[in-house]
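Shown next, in structure tokens, is the structure this report addresses.
Here is how names work: the chains are called A, B, and so on, in the same order as the sequence lines, proteins then strands, and each is numbered from 1. Model, not experiment: these values are computed from the prediction.
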Amino acid sequence: MTEQVTYEHLRIDLEKEAERICEFIRKSVYETLGKRGAVIGVSGGIDSACVTALCARALGASRCVALLMPDQHSSPETLEISRSVPDAFGIRYAHEDITASLAALRCYERQDEAIRTVIPEYGPGWKSKIVLPSVVDSDQYRLFSVVARSPDGKEVRRRLTPAAYLGILAATNFKQRVRTMFEYYHADLNNYAVAGTPNLLEYDQGFFVKGGDGLADFKPIAHLYKTQVYQMAEHLGVPASVCKRPPTTDTYSLPQGQDEFYFSLPYQAMDLCLYAKNHGYSPASLVDTLKLKEDQIARVFADIDNKRKVTAFLHLQAMTMIEGH
Amino acid sequence: MDVQNTIKTFITDNFVLGRGMAEPGAGDSLSRLGLIDSTGVLELIAFLESKFGISVTDDETVPENLDSIEQIANFVTRKQAAK
């Protein structure tokens, strides 16, 4: 009988870990970077909320500033939920709506042009998202399709061509990069450091944009599985509205879960698969907990390896012609 | 048209060139060699559809059909015969 991996394997001593992370934040910000505080881009999601709480605890609320940066595709409740995070920890915030910046960059037009190469009728009033097929149910290559909904509710799904996929990706990556520009503006303005908010699942699997949310001065929860981020957030007093919100990409005009866009399974199951893989367990060790077959879990393991390989470039520093580098 | 050689030329010109690697053998796994990722598969499908006049359905986008030059050639031949 193979030892089974369960959610108990992800339990940590939250208070002890919070203290350890706070020490890391203080050392990073004050000693290594020589800065006076931290800027955190707050999306309304659990990761940025958790980082906000940790920064407030580590540095003091007066040495933190939160940025709320919605755009026209953000869900209507995003701003209110985002605002509840700095309010909960007594942190000042700045509201920087990025819609005008994105429009000036023709982000929305470029995205629409790319979609129109596969859905010619796509136009004003239409909404869209891109999705992947399930990895557990077949050996199909994970190729993106676009799902679009017309103003009268008709839904169209088309597999993307290479040009359409790259066009949509390049256009939507503007969002993360513009948000990072604002983070560094406020960091420069205050002599603060920019806090990155990836969790271990995102960091390991390359779920970030180079020069966008992948760019930061310190990343204090990059070692925590998303399940642990939720536990930590509750422990630190993050508002319930954030803690119970399911993870979204908040990037496309149609609501889109992180599992349909990128990951194979919901985050809880992905965390366990990643944990099992990182600790040398076999797919068989997850059969009972995930209620999936061994070959399905093996596909998720293979997908984890594949994502690490294709996103390895995101972790690289620039290659430089300096000796020793 | 020699289907297998046409496919081999496409793979070499688009995925091998400039990487200092040997050309893949007909039976070599392109994914295991690290030659092709999901964007590359999209490019391959676009090439097959335009060059050979076939249509690749979503459930046909599997390694059995697309992972080696030999498998791709066999897949194209089957699709053309079925038209």
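- Nearest heavy-atom pair across Arg159(A) and Asp58(B) is NH1-OD1, 2.9 Å.
- By the neighbour-count criterion of 12 heavy atoms within 6.0 Å, atom NZ of Lys309(A) is densely surrounded, having more than that number from other residues, nucleotides or ligands.
- The 12-atom threshold is not exceeded at NZ of Lys127(A), counting heavy atoms of other residues, nucleotides or ligands nearer than 6.0 Å.
- One distance of note links OH of Tyr141(A) with CG of Leu66(B); it measures 5.5 Å at 0.5 Å rounding.
- In this structure, chain B has no heavy atom under 4.5 Å from any part of Ser138(A).
- Options Asn65(B), Asp37(B), Asp59(B) differ in how many heavy-atom pairs under 4.5 Å they form with chain A, and the most are formed by Asp59(B).
- Counting heavy-atom pairs under 4.5 Å between each of Ala46(B), Ser31(B), Ser38(B) and chain A puts Ser38(B) at the top.
- Residue Arg116(A) places its CZ atom among more than 12 non-hydrogen atoms of other residues, nucleotides or ligands, all under 6.0 Å distant.
- For Glu49(B), the part lying near chain A is the side chain, with the backbone staying farther off; criterion is any non-hydrogen pair under 4.5 Å.
- By the neighbour-count criterion of 12 heavy atoms within 6.0 Å, atom CZ of Arg32(B) is sparsely surrounded, having that number or fewer from other residues, nucleotides or ligands.
- For the atom pair OG1 (Thr39(B)) and CG (Leu169(A)), the distance works out to 8.0 Å, reported to the nearest 0.5 Å.
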